[in-house]
Asker: 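Sharing a structure below in structure tokens format, with a few things to ask.
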Amino acid sequence: MTDLGTPVLDDHLHLDADNRGIDAVEDFVHLGGTHLLVVNKPSWHHGVEADEGEDFRPVFEETIRLVEEASEILPGRAWPVLGVHPGLISRLVDDRDFAPEDAGELMRAGIDVAAEYASDGHAVALKSGRPHYDVSDAVWEASNEVIRHACTRAAETGVALQLHTEATEDLTDVAEWAEDAGLPPERVVKHYASGELDGVTKSVMCEKDYLETAVEVGEPFLMETDFVDDADRPGAVMGPKTVPRRVRWLQEQGHDDAIRVAHVETPEAVYGIDTRATLDE
């Protein structure tokens with residue numbers, strides 16, 4: 001097992017007991033990974049076609065169970081991120097004939113159930129967002145209402161909020177919604193981000209050019225793979241070994257300060273987690 005001499009956190013990946021599951025965690029640890037934020041897979045990947053908020057509960061329970069298993073293997077630990085994937089709105093509207101407003105209501109109900117777990121200490125962040133592809137104005141506005149609701153619930157429960165959004169370097173609109181809800185914008189994270197982002201905290205995909213930009217910009221950032229743990233897409237989006245490999249690469253470039261920002265300072269500021277102290281647990 002490699003020891004990189006620093007906490008190494010993958011800010012956003014998925015685990016699936018029917019695919020690689022804990023084997024992916026072991027790969028991460030073998031290369032020097034120490035901590036994970038595990039995001040629940042989209043509900044339909046679990047065979048859940050929700051009609052009410054309670055239908056999301058088994059998805060969240062499975063994620064929490066996998067986090068507990070992962071924490072037994074990690075030198076540090078894992079934490080859950082729970083919520084509703086924004087792509088669900090298209091499945092509801094296009095495949096199940098929901099009106100956009102009704103689809104948004106169901107998704108907000110799912111966020112409410114996720115917030116129950118967060119309020120009990122079983123998640124460090126909620127997950128929400130809006131489609132990254134073209135949709136109707138009605139679907140776009142309904143999706144934005146879900147984000148606003150998620151901001152409110154994250155503020156009320158005292159946790160962070162991870163967002164899946166369109167490719168952009170400007171989320172100042174979301175930052176304003178977070179402020180209005182009482183959620184500090186720095187506690188809102190855009191997952192699958194590039195090296196630059198205005199408004200909220202960026203969780204940078206581990207492409208070397210993105211990381212080089214993030215280091216140069218000098219603002220708080222996190223690192224992620226968005227590993228999807230899907231047997232039909234092995235290694236997608238990036239494999240679980242990628243973050244520790246990129247940390248080693250950053251060390252070789254002399255970027256120890258940036259590593260501390262991404263794996264110690266920003267996780268504490270955003271999620272309230274101490275990656276150094278939890279290495280000793």
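Quick caveat, the model's predicted, so the values are computed rather than measured.
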Asker: Considering non-hydrogen atoms only, spot the tightest contact between Thr2 and Leu4 and give its length.
Answerer: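 Looks like CG2-CD2, 3.8 Å.
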Asker: Of the non-hydrogen atoms in Ile89 and Ala103, which two are nearest, and what is the gap between them?
Answerer: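 So the two residues come closest at CG1-CB, 3.8 Å.
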Asker: Using side-chain heavy atoms (C-beta onward) and a distance below 4.5 Å, is Val124 in contact with Val159?
Answerer: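 Side-chain contact under 4.5 Å: no.
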Asker: I need the single residue from Val8, Asp27, Val29, Thr6 that forms a side-chain contact (heavy atoms from CB on, under 4.5 Å) with Pro244. Which is it?
Answerer: Val8
Asker: Can you establish whether the number of heavy atoms outside Glu141 located under 6.0 Å from its atom CD is more than 12?
Answerer: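 Atom CD in Glu141 is packed in, count exceeds 12.
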Asker: Check whether any side-chain heavy atom of Leu163 lies under 4.5 Å from a side-chain heavy atom of Val200, and answer yes or no.
Answerer: no
Asker: Counting C-beta onward and ignoring hydrogens, is there a side-chain heavy-atom pair between Glu69 and Arg65 closer than 4.5 Å?
Answerer: yes
Asker: What pair of heavy atoms forms the shortest contact from Ala155 to Ala181, and how long is it?
Answerer: CB-O, 3.3 Å
Asker: Output yes when Glu265 and Arg260 qualify as a salt bridge under the 4.0 Å nitrogen-oxygen rule, no when they do not.
Answerer: yes
Asker: Should we count CG of Asp134 as having more than 12 external heavy atoms under 6.0 Å?
Answerer: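 Atom CG in Asp134 is not packed in, count stays at 12 or less.
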Asker: Lys190 and Ser203: side chain to side chain donor-acceptor pair (under 3.5 Å), yes or no, with the steps?
Answerer: CA-CA 6 Å; Lys190 173 175 168 49; Ser203 184; over 6 Å; no
Asker: For side chain to side chain donor-acceptor pair (under 3.5 Å), just list the numbers for Thr172 and Asp170, CA-CA rounded to whole Å, side-chain angles, deciding distance to a tenth of an Å, and then say yes or no.
Answerer: CA-CA 6 Å; Thr172 51; Asp170 186 354; 2.7 Å; yes
Asker: In the structure I gave you, are the side-chain heavy atoms of Thr63 and Leu82 within less than 4.5 Å of one another anywhere?
Answerer: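 A side-chain contact exists here, since the closest heavy-atom pair is under 4.5 Å.
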Asker: Could you grab the distance from atom CG of Asp226 to atom OG1 of Thr242, nearest 0.5 Å is fine?
Answerer: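 Reported to 0.5 Å precision, the distance equals 11.0 Å.
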Asker: Parallel, tilted or perpendicular: which one describes the rings of His191 and His164, with boundaries at 30° and 60°?
Answerer: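 Tilted: the ring planes of His191 and His164 meet at 30° to 60°.
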Asker: Check the pair Glu219, Lys202 against salt bridge (Lys or Arg N to Asp or Glu O under 4.0 Å), reporting the backbone distance first and the verdict last.
Answerer: CA-CA 9 Å; Glu219 296 173 347; Lys202 53 186 178 264; 3.5 Å; yes
Asker: Check the surroundings of atom OH in Tyr192: do more than 12 heavy atoms from other residues, nucleotides or ligands lie under 6.0 Å from it?
Answerer: no
Asker: Angle between ring planes, His122 versus Tyr117, binned at 30° and 60°: parallel, tilted or perpendicular?
Answerer: perpendicular
Asker: Establish, from distance only, whether the side-chain atoms of Tyr133 and Ser90 form a donor-acceptor pair under 3.5 Å.
Answerer: yes
Asker: Verify side chain to side chain contact (heavy atoms under 4.5 Å, CB included) between Val270 and Glu186, making sure each step is shown before the conclusion.
Answerer: CA-CA 6 Å; Val270 173; Glu186 59 270 20; 5.5 Å; no
Asker: Report the C-alpha separation of Arg20 and Asp230 in whole Å, then their side-chain angles, then the decisive distance to 0.1 Å, and conclude whether the salt bridge (Lys or Arg N to Asp or Glu O under 4.0 Å) test is met.
Answerer: CA-CA 8 Å; Arg20 298 217 54 226; Asp230 185 338; over 6 Å; no
Asker: Go through it in stages, so that I can follow the logic: the residues are Glu166 and Arg130, the test is salt bridge (Lys or Arg N to Asp or Glu O under 4.0 Å), and I'd like the CA-CA distance, side-chain angles, deciding distance and then a yes or no.
Answerer: CA-CA 7 Å; Glu166 73 281 7; Arg130 59 194 181 198; 2.8 Å; yes
Asker: Rounded to the nearest 0.5 Å, what's the gap from CD on Glu224 to NE2 on His12? Could you check?
Answerer: 5.5 Å
Asker: Just wondering, do Val243 and Leu9 contact through their side chains at under 4.5 Å, heavy atoms?
Answerer: no
Asker: Should the heavy atoms of other residues, nucleotides or ligands under 6.0 Å from CG of Asp137 be counted, would the total exceed 12?
Answerer: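 Open: at most 12 neighbouring heavy atoms sit under 6.0 Å from CG of Asp137.
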Asker: Can you check whether Leu183 reaches Val188 side chain to side chain, under 4.5 Å on heavy atoms?
Answerer: yes
Asker: Can you confirm whether Arg148 is buried at CZ, in the sense that more than 12 heavy atoms of other residues, nucleotides or ligands lie under 6.0 Å from that atom?
Answerer: yes
Asker: Would you call Glu156 and Arg153 a salt bridge, taking side-chain N to carboxylate O under 4.0 Å as the test?
Answerer: yes
Asker: Once you round to the nearest 0.5 Å, how far does CG of Asp274 lie from NE2 of His35?
Answerer: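 Answer for the CG-NE2 pair, Asp274 versus His35, is 8.0 Å.
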Asker: Would Ser128 and Leu161 satisfy side chain to side chain contact (heavy atoms under 4.5 Å, CB included), going step by step from the backbone distance to the final call?
Answerer: CA-CA 7 Å; Ser128 186; Leu161 174 62; 4.1 Å; yes
Asker: Within the 4.5 Å heavy-atom criterion, are Asp10 and Met223 side-chain neighbours or not?
Answerer: no
Asker: In sequence, state the C-alpha distance, the side-chain angles, and the governing distance for Trp44 and His85, and then conclude on ring pair (Phe, Tyr, Trp, His ring centres under 6.0 Å).
Answerer: CA-CA 10 Å; Trp44 60 92; His85 192 284; 5.7 Å; yes
Asker: List the steps and the verdict of side chain to side chain contact (heavy atoms under 4.5 Å, CB included) for Thr34 and Leu74.
Answerer: CA-CA 5 Å; Thr34 61; Leu74 291 162; 5.9 Å; no
Asker: So, taking the atom named CG in Leu222 and the one named CG in Asp11, what distance separates them when rounded to the nearest 0.5 Å?
Answerer: 4.5 Å
Asker: Over all heavy atoms of both residues, which pair between Asp229 and Lys41 is shortest? Give the atoms and the distance, please.
Answerer: O-NZ, 3.1 Å
Asker: How close do Ala78 and Val38 get, counting heavy atoms only, and between which atoms?
Answerer: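 Where Ala78 meets Val38 most closely, the heavy atoms are CB-CG2, 4.3 Å.
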Asker: Roughly how far apart are Glu176 CD and Cys151 SG, rounded to 0.5 Å?
Answerer: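 It is 11.5 Å, given to the nearest 0.5 Å.
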Asker: Are there more than 12 heavy atoms of other residues, nucleotides or ligands under 6.0 Å from atom CD of Glu62?
Answerer: yes
Asker: Using side chain to side chain contact (heavy atoms under 4.5 Å, CB included), reason through Leu197 and Phe221 one step at a time and then give a plain yes or no.
Answerer: CA-CA 10 Å; Leu197 182 65; Phe221 74 102; over 6 Å; no
Asker: Please round to the nearest 0.5 Å and tell me the distance separating atom CD of Glu54 and atom CD of Glu116.
Answerer: 6.5 Å
Asker: Please examine the side chains of Met238 and Phe227, heavy atoms only from C-beta on, and report whether any two atoms are closer than 4.5 Å.
Answerer: no
Asker: When you look at CZ of Arg91, are more than 12 heavy atoms from neighbouring residues, nucleotides or ligands closer to it than 6.0 Å?
Answerer: yes
